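Read through the structure below, which is laid out as C-alpha cells, and then see the notes.
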Amino acid sequence: MNYFVATSIPYVNGEPHIGFGMEILYGDVLARAARKQGKPTIFSTGADEHGTKIAEKAESLGLKPQEFVDKISQEFRNLGTLLNISNDRFIRTTDKAHEQRAQLIWKALEKDIYKDKYTGWYDVRQEEFVPEAQADPARMKPDHPQAYQRLEEENYFFRLSKYTDQIREAIEKEQLKIVPATRRNEILSLLKEGLDDISISRPADKLAWGIPVPGDPKQVMYVWFEALMNYITVLGYPEHQDFRDYWPANVQIIGKDILRFHAAIWPAMLFSLQIPLPELLFVHGFINVDGQKMSKSLGNVISPKEIVEVYGVDAFRYFFLRHVPSYEDGDFTWKNFEAAYNNELANELGNAVQRTTAMIEKYQGGIVGEIPDAEHDTRQIQENIEICRFDRALDQIWGQVRGLNQYIDEEKPWEIAKANDMEHLREVLAYQVSCLLEIADLLEPFLPDAAAKIKGIFKEGLVTPLEGTLFPKKDVTAAPSA
RNA sequence: CGCGGGGUGGAGCAGCGGCAGCUCGCGUGGCUCAUAACCACGAGGUCGCAGGUUCGAGUCCUGCCCCCGCAACCA
C-alpha cells in the first residue's frame, strides 16, 4: 500500500542540468500518481557530496568542501522548485544522519568485507578503479590530462562476487524488475561474466572528504559505496518506522550510465544486509540537443530555467515527459519544443478548454448544470505510468483531447444553439466539461498546474474563466534561437 | 570480430508473424464555438542491402552496409 520512489542522487560537482531535471520529473509523476491513489508516499531525491572530485573542485575554487557542496546542493534544490517537484525528502550524503547510518550499514556488511592490498589504476574523475583490461593505455602515461593514478594501497573490499548468482536469479525471476528490457538484458549479460569483488574504501590520507570506516580512522568509504546507502538511510535504516513502512522501494529511477551500480552492487549490498530488493528499477536515457550530446564546448547546453521562463513549468514538464521517449535517449530542439507547445498544448488542449468555456458563457450565462461522470477507459494510461512509459501515457491522454475536439465538431453546439434546443445544448456542453475534467484528472501527475486550472474553471457547475488563456500561443520568434 | 544504440513516407516515431500506422509538415475541402484555433479527406513508403525459414516477414534466422555514442561537464 505504501509507496516509496527514489531518484538517484546526483554528484554535485557542477551545476544541475536538464538531464537530472528529467529524472526528478519522472519521480514526481510517479509520486503524484501514487498520492492520487491515496497511497501514503515518500518521494526522495538528494545529493551525493563526498569524494575526490568534489574535494578537488572545491579547492580549485578556494572553498572548503562543505561550503562548496552547500552551495551546489542548494542549486539542485532550486531546480526541484523550478520544476514543481513534490519530493518529500532531499537527502545529502553529508547529513549527519546519513553518515552515522552509513557506518552502521558498513558494520552490518562486515561479514562480506575484507582488507586487501590493491595495485592498479585509479580514475579520479570516475572515482573508480579501472581493471587492467579496460584501462586506456594512453591514460596510463602521467602527462595525459586525465591520467590514471597508479595506486598501491590497502583497501577494504566487498565480496560482490559472492552474490553474482543471487542477483542474476533475482533479475531473471523479476524480484527486481528492470525496465526497459534492453537494460535488463545488458545487466544480465554482464552478470553472466561474473562480478569481481570491489574496493570500497580509500586511505584517509589520500582522501579525507568522506565517511570514515568504523573502527579504522585511516580509511574512508569509497563514495559510490556510501552513496548507494542513501536509499535506505533516507528512511532511517535500521531502526526508524519509515524504513519498516516504506522499504522496499516501489521504484528507483536512474540514468543508463549508473546501471551497474544499481543493478549489481546495490542488490548485493541488500542481499548482504538481508533486506529486500527494490521492486522496479527504471533506467532512463540521455537528452541530446539538436542531435548532439550536450556539452559546454559545443555551447549547446540548455538550462531548464530558460525554457521555464519563456514557456512555463508545465510546458517543460510536458515536452520532456511526452517527447523524450521514456525508454530511450531523446532530443531537444527549440523547434520541436515550440511545435509541441503551440500545436498540442495551445491549439489542442488550450483551445478545447477555451471553446468550451466560451460557449457555456455565451449560450448559458456560464452555468454548466449537471456534469455526467467520465466514461473513458483509463486503465492503459495507469498501466503505462506504472511501467514508467510516460510518453505513451501522455499520447493516450492526448487521444482523449483529440476525441473531444472531434466530438465538438460532430455535435456542432453552435447549431444546436441556433435551433434553440436548449436542453440538448446543455447536455452536449456538460459532456464537454465532463471530458475536460477527466483529462484534467489524468493530467494531474504530469501537469499539476494546468490540471488545477482546468478544474478551477468548472468548479461548482459554473464557469470561472481564467485570466488569459491556459497556454497562450507563442510567436515562434519568442524563444531563443538554437 | 571491443561495447552499446539505431536505420520504416519530407521530419520525428510506433508496429516486432497475418491487408504498412501515428504526430508534425504539405495539398484540398468543411466549419465559425474557439488561442487565424477545430474537423474531414488526400498526396507521399519496393519498412538499409542480400540471402534464408514460413501458406504468409518491417516483424524470425544468417551475412553484409551505413549512422550515432563510448573524451570532457554530466543523468
Side-chain angles (χ1 to χ4, degrees), chain A residues 7-26 48 53 57 76 125-126 133-134 136 138-139 144-146 180 182-183 185-186 189-190 253-259 283-288 291-298 300-301 322-325 327-331 333 335-336 338-363 389 391-392 395-396 398-399 401-418 425 428-429 432 466 468-475:
Chain A
T7 69
S8 65
I9 53 173
Y11 198 61
V12 293
N13 63 343
E15 314 254 308
H17 68 17
I18 241 167
F20 184 65
M22 193 174 69
E23 182 166 317
I24 50 179
L25 206 44
Y26 288 146
D48 178 9
K53 262 193 293 181
K57 186 78 182 272
F76 278 80
R125 189 176 51 77
Q126 297 291 346
Q134 284 170 31
D136 174 1
R139 292 174 64 186
H144 188 279
Q146 283 91 40
T182 51
R183 305 264 93 98
N185 297 341
E186 201 176 315
S189 81
L190 200 142
I253 305 169
I254 61 167
K256 64 181 185 181
D257 55 332
I258 52 178
L259 176 65
V283 188
H284 67 253
F286 292 169
I287 298 167
N288 293 317
Q292 286 181 303
K293 226 178 153 177
M294 231 187 298
S295 84
K296 282 176 187 165
S297 47
L298 283 171
N300 65 351
V301 174
R322 184 171 186 197
H323 292 290
V324 172
Y327 281 8
E328 285 163 55
D329 286 359
D331 196 33
T333 66
K335 186 169 164 279
N336 290 346
E338 284 153 5
Y341 181 88
N342 281 330
N343 295 330
E344 294 159 18
L345 289 176
N347 292 348
E348 292 184 327
L349 176 60
N351 187 47
V353 171
Q354 189 70 17
R355 61 200 302 213
T356 299
T357 58
M359 284 191 276
I360 293 170
E361 290 190 292
K362 183 168 176 179
Y363 300 137
R389 296 224 61 159
D391 52 346
R392 295 213 172 158
D395 276 346
Q396 285 158 350
W398 246 257
V401 175
R402 194 166 291 124
L404 172 58
N405 278 321
Q406 286 166 350
Y407 173 82
I408 297 173
D409 274 67
E410 278 162 22
E411 291 292 335
K412 302 180 176 57
W414 51 92
E415 284 186 6
I416 304 174
K418 275 181 205 152
L425 179 64
V428 169
L429 294 178
Q432 290 178 216
L466 290 174
T469 47
L470 191 57
F471 290 103
K473 211 160 169 181
K474 299 281 180 187
D475 194 322

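Bear in mind that the values here come from a model prediction, so they are computed numbers and not experimental data. Chain naming here is simple, since letters A, B, ... match the order of the sequence lines and numbering starts at 1 in each.
- Taking each heavy atom of A/Val428 and A/Pro413 in turn, the nearest pair found is CG1-CG, 4.0 Å.
- A donor-acceptor pair shorter than 3.5 Å can be found between the side chains of A/Glu23 and A/Ser8.
- Comparing B/rC61 with B/rU53, their C1' atoms are spaced 7 Å from each other, to the whole Å.
- B/rA75 atom C1' lies 12 Å from atom CG of A/Asn288, rounded to whole Å.
- Note on A/Arg355 versus A/Asp409: salt bridge recorded, some NZ/NE/NH1/NH2 to OD/OE distance being below 4.0 Å.
- For the pair A/His323 NE2 and B/rC13 C1', the interatomic distance rounds to 11 Å; values are reported in whole Å.
- Between A/Leu259 atom CG and B/rC3 atom P the separation is 17 Å, expressed in whole Å.
- Taking the side chain as every heavy atom from C-beta outward, A/Val283 and A/Tyr327 never approach each other to under 4.5 Å.
- B/rG58: glycosidic angle within 90° of 0, hence syn.
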side-chain hydrogen bond (donor to acceptor under 3.5 Å, both in side chains) between A/Lys473 and A/Asn347, worked out:
CA-CA 8 Å; A/Lys473 211 160 169 181; A/Asn347 292 348; 3.3 Å; yes
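- A/Glu411 has its side chain out of reach of A/Gln432: every pair of non-hydrogen atoms, C-beta onward, lies at least 4.5 Å apart.
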Protein proximity profile, nucleotides 33-42 of chain B - base contact B, sugar-phosphate-only contact S, no contact -, cut-off 4.0 Å on heavy atoms
BBB-SBSS--
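- Using a 4.0 Å heavy-atom criterion, one finds that A/Ile287 contacts the bases of the nucleic acid, with or without backbone contacts as well.
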Report the secondary structure of RNA chain B in dot-bracket form, marking unpaired bases with a dot and bases paired to a different strand with |, and treating Watson-Crick or G-U pairs with both distances under 3.5 Å as paired.
.(((((((.[[[[.)..(..]]]].(((((.......))))).....[[[[[..)....]]]]])))))).....
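- Taking the C1' atom of each, B/rU59 and B/rG48 are spaced 16 Å apart, rounded to whole Å.
- Using a 4.0 Å cut-off between charged nitrogen and carboxylate oxygen, A/Arg183 and A/Glu186 count as a salt-bridge pair.
- Nucleotides B/rG17 and B/rG52, compared at atom C1', are 15 Å apart to the nearest Å.
- Atom name C1', nucleotides B/rA43 and B/rG58: the rounded distance is 23 Å, in whole Å.
- Per the geometry, OH belonging to A/Tyr327 stands 13 Å off P belonging to B/rA14, to the nearest Å.
- A salt bridge links A/Glu348 to A/Arg402: at least one charged side-chain nitrogen sits closer than 4.0 Å to a carboxylate oxygen.
- A/Pro413 comes within 4.0 angstrom of nothing in the nucleic acid, heavy atoms only.
- For the P atoms, the distance from B/rC65 to B/rA50 is 15 Å, rounded to whole Å.
- Remark: the separation of the P atoms in B/rC47 and B/rU28 is 30 Å, to the nearest Å.
- Taking the six-membered ring where tryptophan is involved, the planes of A/His284 and A/Tyr26 are tilted, since the angle between them lies from 30° to 60°.
- One atom, CG of A/Asp391, and another, C1' of B/rA14, lie 10 Å apart when rounded to the nearest Å.
- Across all strands, A/Gly19 comes closer than 4.0 Å to base atoms (heavy-atom distances).
- Side-chain N or O atoms of A/Asn288 include none that pairs as donor or acceptor with a backbone N or O of A/Asp329 at under 3.5 Å.
- For the pair A/Leu25 CG and B/rA75 P, the computed distance is 16 Å after rounding to whole Å.
- Residues A/Glu328 and A/Thr182 each lie close to RNA chain B; by heavy-atom proximity, the contact nearer the 5' end of the strand is made by A/Thr182.
- The distance between atom CG of A/Asp331 and atom C1' of B/rC13, rounded to the nearest whole Å, is 12 Å.
- For the P atoms, the distance from B/rG27 to B/rG44 is 16 Å, rounded to whole Å.
- B/rG9 and B/rC22 are spaced 12 Å apart, taking the C1' atom of each and rounding to whole Å.
- Taking CG of A/Asn405 as the start and CG of A/Asn351 as the end, the distance is 6.5 Å to the nearest 0.5 Å.
- The separation between A/Trp398 atom CH2 and B/rC13 atom C1' is 18 Å, rounded to whole Å.
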